[in-house]
Amino acid sequence: MNKQAQAARTRQKILVLTKGLQEQAQRVMGHGPLLRGSFYQYRRRCGKASCRCARGALHAGQAFAVCTGGRSRTLPLTGVDREELSQCVGAYRELRRVRAEMVRTFGELLKQVDGLEQIRAIGLGELKRRRRPPSR
């Protein structure tokens with residue numbers, strides 16, 4: 001394949017990748033709140049000797065673990081709108097997933113740009129051959 005055909009194919013790939021980046025950027029432009037964290041279910045003993053948990057039937061509950069300021073905090077889910085919290089967590093996870101896609105797409109885009117540079121580059125010898133005779 002000649003250099004012109006390679007360059008044309010590489011340009012097409014660059015256009016496709018930039019269109020994909022635009023679509024990905026649109027997906028991260030939301031306005032809703034984001035929250036990094038996760039739900040989990042726990043089982044524990046309360047410590048009372050006469051309680052059923054002392055015989056093995058542990059108390060079950062749900063909590064939410066959130067990372068703020070570099071520290072993980074566990075919050076009980078009492079009095080919290082779990083659906084809203086779940087939407088905020090889902091939006092955060094979707095944003096991070098699309099961000100990872102964008103990183104891969106940017107990497108491929110840079111690879112294609114570098115390839116186009118290699119295809120279009122000329123050596124000094126070729127430049128000397130292209131020199132035109134002086135005009136009179």
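Bear in mind that the values here come from a model prediction, so they are computed numbers and not experimental data.
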Closest heavy-atom pair and its distance - Val98, Gln24:
CG1-O, 3.5 Å

Give a yes or no on whether Phe39 and Leu75 share a hydrophobic cluster (residues Ile, Leu, Val, Met, Phe, Trp, Tyr; joining criterion: side-chain heavy atoms under 4.5 Å apart).
yes

same_hphob_cluster(Leu17, Leu116) at 4.5 Å side-chain heavy-atom cutoff
yes

May I ask you to check whether over 12 heavy atoms, not counting those of [X], lie within 6.0 Å of atom [atom1]?
| X | atom1 | value |
| --- | --- | --- |
| Gln4 | CD | no |
| Tyr42 | OH | yes |
| Arg99 | CZ | no |

Pairs satisfying salt bridge (Lys or Arg N to Asp or Glu O under 4.0 Å), at least one member in residues 12-35, at least two apart:
Arg27-Glu101

Hey, could you give me each pair passing salt bridge (Lys or Arg N to Asp or Glu O under 4.0 Å) that has a residue in residues 50-66? Not counting sequence neighbours.
none

Quick one, [X] and [Y] - any side-chain contact, counting heavy atoms below 4.5 Å?
| X | Y | value |
| --- | --- | --- |
| Tyr92 | Leu35 | no |
| Arg36 | Val66 | no |
| Tyr40 | Thr74 | yes |
| Arg45 | Leu58 | yes |
| Glu117 | Val113 | no |

Between His59 and Cys51, is the side chain to side chain contact (heavy atoms under 4.5 Å, CB included) condition met? List the steps.
CA-CA 10 Å; His59 298 285; Cys51 185; 3.3 Å; yes

[atom2] on [Y] to [atom1] on [X], rounded to 0.5 Å:
| X | Y | atom1 | atom2 | answer |
| --- | --- | --- | --- | --- |
| Leu15 | Thr10 | CG | OG1 | 11.0 Å |
| Leu21 | Leu109 | CG | CG | 6.0 Å |
| Leu34 | Arg93 | CG | CZ | 12.5 Å |
| Cys53 | Arg43 | SG | CZ | 12.0 Å |

Identify each donor-acceptor pair in which a side-chain atom of residues 80-89 lies under 3.5 Å from a protein atom, sequence neighbours left out, and give them as a table.
| from | atom 1 | to | atom 2 | distance (Å) |
| --- | --- | --- | --- | --- |
| Asp81 | OD1 | Glu83 | N | 3.4 |
| Arg82 | NH1 | Gln62 | OE1 | 2.9 |

Cut-off 3.5 Å, side chains only: do Gln26 and Gln22 have a donor facing an acceptor?
no

